[in-house]
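Inspection log for the structure reproduced underneath, given as structure tokens.
Here the structure is a predicted model, which means the values were calculated and not measured. Computed from heavy atoms alone, side chains included, the values below leave out hydrogens, waters and symmetry copies. In this chain, numbering begins with 1 at the start of the sequence shown.
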Amino acid sequence: MFVSRTKRFGAVATVVAALSAVTVLAACSSPSSTPANAAAGASQSSWAKAEGTIVIGAVPDQAGSDSNIKPIEDYVAKMTGYKVEYYPTADYTALIAAAAAGKVDVMSSGALQYVMAINKGANLTPVAAQINSSKIKEPGYYSEAIVPKDSAITSLADAKGKTVCFVDPNSTSGFLFGLYQLHKAGLDVTSNGKDASGNPTFADFKVHFAGAHDKSEQTVASGQCDVGFAEDSIAEAGAQKGEVKVIGKEYVPGGPFSISTGLPADAQKKLTDALQGATPDAIKTAGIATTPGFNSGYFGVQAKTADYYQTIKDLCSQILVAKCSK
């Protein structure tokens, strides 16, 4: 349920197929829970399943990790007085489709999936962003641009005509935010075709997909790529070893807890208060039992609103290859 960086990598490809699934689910949804009904007027409230029951939707990080969300379920139930049910989905495609069809009251996802969901019609608003490490207090992390240690390149504008290493076409920080940084540097990131593997190609630079963040860093360090992208934990480690230099970075917002705006106002208030206060210490103080997986993967939240995700919205509108614009 907690969105690991590894989990985010596959997000984009899986959400592309969400539109058709949304249509099917929306057609099957009860009249009181459809986005269209919810959007018909603020006075018309709806619950995903039944009044007094909160449905939390998420994609389990790995097999057997469903139990890791139990402390959040129990904490929300205790703080709000509502019954809470877990709605696990097989992947982000299903989660976004469920959110757009009004099947969940709370969605735990990555930042990009939240934007994708609202672009598909989900009535969600973020209330808190999840913190990604015990070492930092702010949610989110960085997509970093790197060059070989002895490179003369000091700016991403110099990447024009060069070979650029990305992680994977489905990576948020290792591709989409890399393209975003190149776009901001003045390079054309409109795809002009596909290579033999079906990956996008670009006129301003030659693409090499390394397959993983560490491989992207290693390929740049070896000089096979002139420029590359990787998440901060990998890029900074390579820089500390003297293998690469960091020449740019872009902040990637932390994944949100988003709540349904179709819920009654008092329910939204209770949910917001509970989720914004869901720190590990608060959960333990409340007497909620935790699991090893929860303790090692959940580091708390920080209150955030939709404005916090403007960078993702900008990326979707400017980087069309992301396929997440409305």
Side-chain angles (χ1 to χ4, degrees), residues 5 8-13 16 111-112 140-253 310-325:
R5 296 179 182 186
R8 279 191 291 263
F9 299 167
V12 181
V16 171
L112 182 61
Y141 63 108
Y142 286 91
S143 165
E144 296 197 341
I146 52 179
V147 296
K149 62 179 182 180
D150 298 326
S151 175
I153 295 176
T154 58
S155 166
L156 281 178
D158 297 331
K160 189 169 185 176
K162 306 294 186 182
T163 298
V164 179
C165 262
F166 296 98
V167 173
D168 183 281
N170 303 323
S171 171
T172 301
S173 61
F175 181 54
L176 300 179
F177 272 81
L179 289 179
Y180 191 39
Q181 292 176 74
L182 292 170
H183 167 72
K184 291 173 65 176
L187 277 68
D188 185 355
V189 297
T190 303
S191 176
N192 63 353
K194 296 181 180 180
D195 62 18
S197 299
N199 296 320
T201 58
F202 303 88
D204 276 356
F205 49 92
K206 182 179 179 182
V207 172
H208 175 80
F209 289 108
H213 285 262
D214 57 344
K215 292 181 179 178
S216 180
E217 188 273 335
Q218 292 164 11
T219 307
V220 172
S222 69
Q224 296 179 63
C225 286
D226 302 293
V227 177
F229 294 93
E231 66 180 32
D232 51 9
S233 62
I234 301 297
E236 294 293 343
Q240 290 178 4
K241 294 177 183 175
E243 298 174 346
V244 296
K245 294 186 296 185
V246 177
I247 63 167
K249 61 182 180 180
E250 189 73 28
Y251 180 73
V252 182
Q310 190 58 49
T311 300
I312 299 287
K313 296 175 183 176
D314 289 345
L315 183 152
C316 289
S317 64
Q318 297 173 23
I319 312 298
L320 297 182
V321 73
K323 299 179 180 179
C324 54
S325 60

(message) I want to check something: taking the side chain as every heavy atom from C-beta on, are H183 and I319 in contact at a cut-off of under 4.5 Å?
(response) yes
(message) Quick check: do K245 and I146 have side-chain heavy atoms less than 4.5 Å from each other?
(response) no
(message) I need the minimum non-hydrogen distance between D232 and E144, along with the two atoms involved.
(response) CB-OE2, 3.7 Å
(message) Using 0.5 Å steps for rounding, measure from the CD atom of E217 to the CD1 atom of I234.
(response) 7.5 Å
(message) Counting C-beta onward and ignoring hydrogens, is there a side-chain heavy-atom pair between S191 and F202 closer than 4.5 Å?
(response) yes
(request) Would you indicate whether the side-chain heavy atoms of F177 and T311 approach each other to under 4.5 Å? (result) yes
(message) Under 6.0 Å from the ring centre and within 45 degrees of the ring axis: does the NZ or CZ of K184 meet both conditions for the six-membered ring of Y180?
(response) yes
(request) Please answer whether the main-chain N or O of C225 pairs with a side-chain N or O of K162 as donor and acceptor at a distance below 3.5 Å. (result) no
(request) Would you confirm whether the ring centroid of F209 sits within less than 6.0 angstrom of the ring centroid of F175? (result) yes
(message) Taking A212's backbone N and O only, do any of them form a donor-acceptor pair with S216's side chain (distance below 3.5 Å, no angle check)?
(response) no
(request) Grab the two heavy atoms, one from L179 and one from V321, that are nearest each other, plus how far apart they are. (result) CD1-CG1, 3.3 Å
(request) Quick one: closest heavy-atom pair of N192 and A203, and the distance? (result) ND2-N, 3.5 Å
(message) Under a 3.5 Å cutoff, is there a donor and acceptor pairing between the side chains of T201 and D195?
(response) no
(message) Do S143 and E231 pair up side chain to side chain, a donor and an acceptor below 3.5 Å, judged on atom types alone?
(response) no
(message) How long is the straight-line distance from CD of Q218 back to CD of E243, given to the nearest 0.5 Å?
(response) 7.5 Å
(message) I need the minimum non-hydrogen distance between V244 and A235, along with the two atoms involved.
(response) CG2-O, 4.0 Å
(message) Looking at K313, I want to see if its NZ is surrounded by more than 12 non-hydrogen atoms of other residues, nucleotides or ligands under 6.0 Å.
(response) yes
(request) Could you check if a side-chain atom of S173 sits within less than 4.5 angstrom of a side-chain atom of H213, using non-hydrogen atoms only? (result) yes
(request) State, yes or no, whether a side-chain contact exists between Q181 and F229 at a heavy-atom distance under 4.5 Å. (result) yes
(message) Ignoring hydrogens, what is the shortest heavy-atom contact between T154 and I247? Give both atom names and the distance.
(response) O-CB, 4.0 Å
(message) Distance check, rounded to the nearest 0.5 Å: T163 atom OG1 versus Q224 atom CD?
(response) 10.0 Å
(message) Within this structure, what is the CG-NZ distance for the pair L156 and K249, rounded to the nearest 0.5 Å?
(response) 13.5 Å
(message) Rounded at 0.5 Å granularity, tell me how far CG in L187 sits from CG in D204.
(response) 4.5 Å
(message) For a quick check under 3.5 Å, do D188 and T190 share a side-chain donor-acceptor pair by atom type?
(response) yes
(request) For the residue pair N199 and V207, establish whether any side-chain heavy-atom pair is separated by less than 4.5 Å. (result) no
(request) Grab the two heavy atoms, one from S222 and one from T219, that are nearest each other, plus how far apart they are. (result) OG-O, 2.9 Å
(message) Could you tell me if the side chain of F205 sits less than 4.5 Å from the side chain of D226, heavy atoms only?
(response) no
(request) Kindly check if the number of other-residue, nucleotide or ligand heavy atoms within 6.0 Å of NZ (K215) is above 12? (result) no
